[in-house]
Structures are given as C-alpha cells and as structure tokens.
Amino acid sequence: MNIPQTEHELIERAQNLAGLTLGDIAQQAGIEVPKNLTRNKGWIGLLLEHVLGASAGSRPEPDFPNLGIELKSLPINEQAKPLETTFVSVAPLTGLVGINWHNSYVRKKLAKVLWVPVISPKDQPITQRVVGTPFLWSPSAEEEALLAQDWQELTDMIVLGNVENIQGKHGQVMQLRPKAANSQAKTQAYDRHGKPFMTLPRGFYLKINFTHMLLHKYLRIN
DNA sequence: GCGTGATCATGA
DNA sequence: TCATGATCACGC
C-alpha cells in the first residue's frame, strides 16, 4: 500500500478497516494468517502497518514520518477493555544526562498516535478477529501529566542506579518491564556508584488502565 | 545487541 | 484471574 499523504487520508483508510475481520484484511493484502500469535506476536501490528501504508522497517521513527503519527494496534475484549499492555519504546539506561520529560523519547513517541483496536478474544481464531473504531490521539494535559510523572519516577531510578529494583508495579499508567529476546539478554547500565554493569534491557509500556481510559474517552462506551 | 512489532505464560 | 516477567520474529 502506498504512503498516505495526509492525516485525513490515513484516518479514512483506517476507518475503512473498522468492522472487517483480520481474515478479510489479510486476504485482500495477499498475506497468510498465522494459526496463533505465539510465534508471530507482532503480526497484527505488521498487517495494519502494511495495509495502512506505514513505511516499513525497524527504524526508530514514527510509522508515518511525514505525518508524525505512530500506529498502535490495541487488542481489546468485547467490552472494549485492553487485553495487553502497550509497548512504547526501549528505555535508555545510559546517556540520560540532560534528558527530561520534555525532550524524552517517550513524549515524542506518544505525541500523536493512531490507535487501532482489534477485538481479540483469546479463544477466537485470528482470522475472525474484528477491527474496531480507530482513533487519533494526542495526550491531554492531564494525560501528559500522568505520563510525565511516571516517566520521571522510572527515569530517576535508572539514573540513581536502581534499574534492577524497578518492577512492573511502579508507575500509575506507565511501567518499565523487560524488553528482550530472553532473560539472558544484556545491555549496559550504571549501578549506584556510577559503575557500568550489564543488565536486562527494559522498555516502557502503557498500563491497561491508561489505554482503557483512552478508549472510554474516544469511543464513549461502557 | 538494538529497535521494530507485540503477546505469551506462569506465579501470586 | 491477571499483571509481571519472559519470550518470539525480523532486519541489520
């Protein structure tokens, strides 16, 4: 699919997916649907990227660079509750001098997001899952304050050399969790004495309560 | 290993 | 039951 030239074109394209099953969409795109996502965890996101015309690749930039828009698929149940946390970005564990919320990568990444809910009951075949109503979101002042607060708490811990003490329970709406091939993966960080050491790579994730709140706000449901 | 796309699966 | 910690695939 070609790249959408305007925000309107992208939204329109996304809205045209609403109500379609992933089977329909994949068939139109000539893409084979996996039986399950165990070995294809990012498949739905990649399918949506493809049909919406996101520029492919794993470069650290928005999915639609010309529009400054990030695409996120969001698995939900029939009551429109998110079923999973939402990965935002890898967390820098070094080079944090001079970084604050305002110039942070998380803020940039979440500045403008096209959310595409996918009704994804675990017991339902991938082909029969249905795309919900997509919506374009930018953080409100209140939402940004929540994100900023969590980002600051987590980043403070990293800077102070406490990254290994961070657990998923930290943060009200955003958390820091492993983001790696497996638990043996290593990346550099600093300990409490400022000495480098190797630790598990982490990523920022939006908690379910946050994305649930966004769904309520934009879809006026429940 | 890093960054993209995430969901799996088990312990509490 | 469900959130946390673990894991899967791919390009480079």
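At dG5(B), one or more side-chain N or O atoms of K109(A) fall inside 4.0 Å of OP1 or OP2 (strictly under the cut-off). Residue S73(A) has no polar side-chain atom (N or O) positioned under 4.0 Å from OP1 or OP2 of dG5(B).
Residue side chain Y205(A) reaches the base of dA6(B) through a donor-acceptor N/O pair under 3.5 Å, judged by distance alone.
Atom pair Q124(A):CD and dT7(B):P shows a separation of 14 Å (rounding to whole Å applied). Atom P of nucleotide dT4(C) and atom CG of L83(A) are separated by 15 Å, given to the nearest angstrom. Distance CG (L37(A)) to P (dA9(B)): 11 Å, rounded to an integer number of Å. The CZ-P distance, from R202(A) to dG3(B), rounds to 15 Å in whole Å. In this structure, the CZ atom of R59(A) is 11 Å from the P atom of dG5(B), given to the nearest Å. In this structure, NZ of K122(A) is placed 7 Å from P of dT7(B), rounded to the nearest angstrom. As a whole-Å value, the separation of E70(A) CD from dG3(B) C1' is 12 Å. We find that CZ of R39(A) is positioned 10 Å from P of dC10(C), with the value rounded to whole Å.
Here Y205(A) pairs with F87(A) under the ring pair (Phe, Tyr, Trp, His ring centres under 6.0 Å) rule; sequence neighbours left out.
Between dG5(B), dA9(B), dT4(B), one nucleotide has an atom nearer to the side chain of T38(A) than all others, and that is dA9(B). When distances are taken from the side chain of F87(A) to each of dT4(C), dT7(C), dT4(B), the shortest belongs to dT4(B).
In this structure, NE2 on H8(A) lies 12.5 Å from CG on L136(A), to the nearest 0.5 angstrom. T85(A) contributes atom OG1, which lies 10.0 Å from atom CG of L74(A) (distance to the nearest 0.5 angstrom).
Residues from residues 154-186 of chain A lying near DNA chain C, meaning a heavy-atom separation below 4.0 Å, are Q167(A), G168(A), K169(A), Q175(A), R177(A), P178(A), K179(A), A180(A), A181(A), N182(A), S183(A) in numerical order.
Residue contacts shown for G42(A) include a base, since a base heavy atom lies under 4.0 Å away. Contact annotation for I208(A): backbone-only contact, meaning every heavy-atom pair under 4.0 Å involves sugar-phosphate atoms and none involves a base. When heavy atoms are screened at a 4.0 angstrom cut-off, L200(A) is found touching the sugar-phosphate backbone but no base atom. As judged by a 4.0 angstrom heavy-atom cut-off over every strand, D63(A) is placed among residues touching the sugar-phosphate backbone only.
Residue-environment remark: CD (Q27(A)) stays at or below the threshold of 12 foreign heavy atoms within 6.0 Å.
Residues L52(A) and L17(A) form a side-chain contact, since some pair of their non-hydrogen atoms from C-beta on lies under 4.5 Å apart. The shortest side-chain heavy-atom distance between P92(A) and Y105(A) does not fall under the 4.5 Å cut-off.
Q128(A) places no side-chain N or O within donor-acceptor distance of the main-chain N or O of I126(A), the cut-off being under 3.5 Å.
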Worked check of side-chain contact (heavy atoms from CB on, under 4.5 Å) between V51(A) and I31(A): CA-CA 10 Å; V51(A) 300; I31(A) 294 173; 5.6 Å; no
Please report the C-alpha distance between L46(A) and H50(A) in whole Å, then the side-chain angles of each, then the deciding distance to 0.1 Å, and finally whether the side-chain contact (heavy atoms from CB on, under 4.5 Å) criterion is met. CA-CA 6 Å; L46(A) 295 175; H50(A) 179 80; over 6 Å; no
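Between the axis at the start and the axis at the end of the helix from dG1(B)-dC12(C) to dA12(B)-dT1(C) there is an angle of 30°, using five pairs per end and rounding to 10 degrees.
Using the six-membered ring where Trp is involved, F210(A) and W137(A) have ring planes that are perpendicular, over 60° apart on the 30 and 60° scheme.
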